[in-house]
Amino acid sequence: GEDVEQSLFLSVREGDSSVINCTYTDSSSTYLYWYKQEPGAGLQLLTYIFSNMDMKQDQRLTVLLNKKDKHLSLRIADTQTGDSAIYFCAETYNNDMRFGAGTRLTVKP
Amino acid sequence: EAQVTQNPRYLITVTGKKLTVTCSQNMNHEYMSWYRQDPGLGLRQIYYSMNVEVTDKGDVPEGYKVSRKEKRNFPLILESPSPNQTSLYFCASSPAGGIHEQFFGPGTRLTVL
């Protein structure tokens with residue numbers, strides 16, 4: 001497909017793990033990103049992964065990359081209410097950055 | 001504090017009335033860009049600039065203009081706004097080499113009546 005695709009909603013209980021999935025478009029993308037957007041705020045870069053890596057871990061965040069399937073995922077361990085936000089995956093494409101539509105993560109106490 | 005600032009943060013205007021949204025960064029970044037965010041569509045790039053006096057169209061440039069006369073500023077100009085330009089606009093900047101690790105401004109919510 002032409003678009004970066006994500007499911008629109010995810011709801012988890014506090015303390016559980018969250019997994020947000022993304023399918024990107026360009027197998028030659030150099031970097032793949034996860035951004036977080038809290039209500040009324042701009043986008044904050046959470047983490048990124050270079051395309052020659054399979055996995056990257058950063059504290060509670062784990063990024064998995066499957067280049068063959070062009071699939072990217074973000075796992076948040078021990079999800080907290082402060083993690084409630086919209087999460088965007090993005091790929092670099094020439095001098096553009098293509099974003100998915102965003103996954104709204106809701107964390108219930 | 002390293003940041004990207006946008007002004008205004010909120011704007012309501014009428015069809016056809018020219019407006020400018022300013023964007024400024026204090027990180028000496030070469031690359032700057034403008035996005036619009038619409039529900040269910042994510043962010044789409046409007047224009048980008050690799051450096052001073054170098055600008056290029058993104059995915060949705062129609063109805064917009066930009067200029068890059070100085071490194072720190074990258075204003076977005078709507079010569080004749082229309083209701084379909086009602087959106088949330090973000091400016092972003094990144095260091096030399098392109099769009100890696102973009103820093104985003106807080107956003108400008110524009111309503112065109």
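Naming: A, B, ... by sequence-line order, numbering from 1 per chain. It should be emphasised that the depicted structure is a prediction, and the values quoted were computed from it without experimental measurement.
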Which atoms of B:R109 come close to chain A, meaning under 4.5 Å heavy atom to heavy atom: side chain ones, backbone ones, both, or neither?
-> neither
Euclidean distance, A:Q37 CD relative to B:L43 CG, rounded to 0.5 Å = 7.0 Å
Under a single-linkage definition using a 4.5 Å side-chain heavy-atom cutoff for Ile, Leu, Val, Met, Phe, Trp and Tyr, are A:F50 and A:M97 assigned to the same hydrophobic cluster?
-> yes
Please name the pair of heavy atoms, one in A:A101 and one in B:G40, separated by the smallest distance, quoted to 0.1 Å.
-> CB-O, 3.4 Å
Using a 4.5 Å cut-off on heavy atoms from C-beta on, say whether the side chain of A:Y33 contacts that of B:Q102.
-> no
Measuring heavy-atom distances to chain A, does B:Q6 have an atom under 4.5 Å in its side chain, in its backbone, in both, or in neither?
-> neither
Got a sec: does the CG of B:L113 have more than 12 other heavy atoms crowding it under 6.0 Å?
-> yes
Taking side chain as C-beta onward, heavy atoms only, is A:Y48 less than 4.5 Å from B:E101?
-> yes
Quick one: does B:Q37's side chain get under 4.5 Å of A:F88's, heavy atoms only?
-> yes
In terms of hydrophobic clustering (I, L, V, M, F, W, Y; side-chain heavy atoms under 4.5 Å; direct or indirect links), are A:Y24 and A:L74 co-clustered?
-> yes
Spell out, yes or no, whether B:F74 and B:F103 are grouped together once hydrophobic residues are joined by side-chain heavy atoms under 4.5 Å, including indirect joins.
-> no
Applying the 4.5 Å side-chain criterion to the ILVMFWY set and letting contacts propagate, would A:L72 and A:L45 be lumped into a single cluster?
-> yes
Is there a chain of hydrophobic side chains (I, L, V, M, F, W, Y, each step under 4.5 Å between heavy atoms) that links A:L65 to A:M53?
-> yes
Residue part contacting chain B, namely of A:L43, when any heavy atom lies under 4.5 Å = both
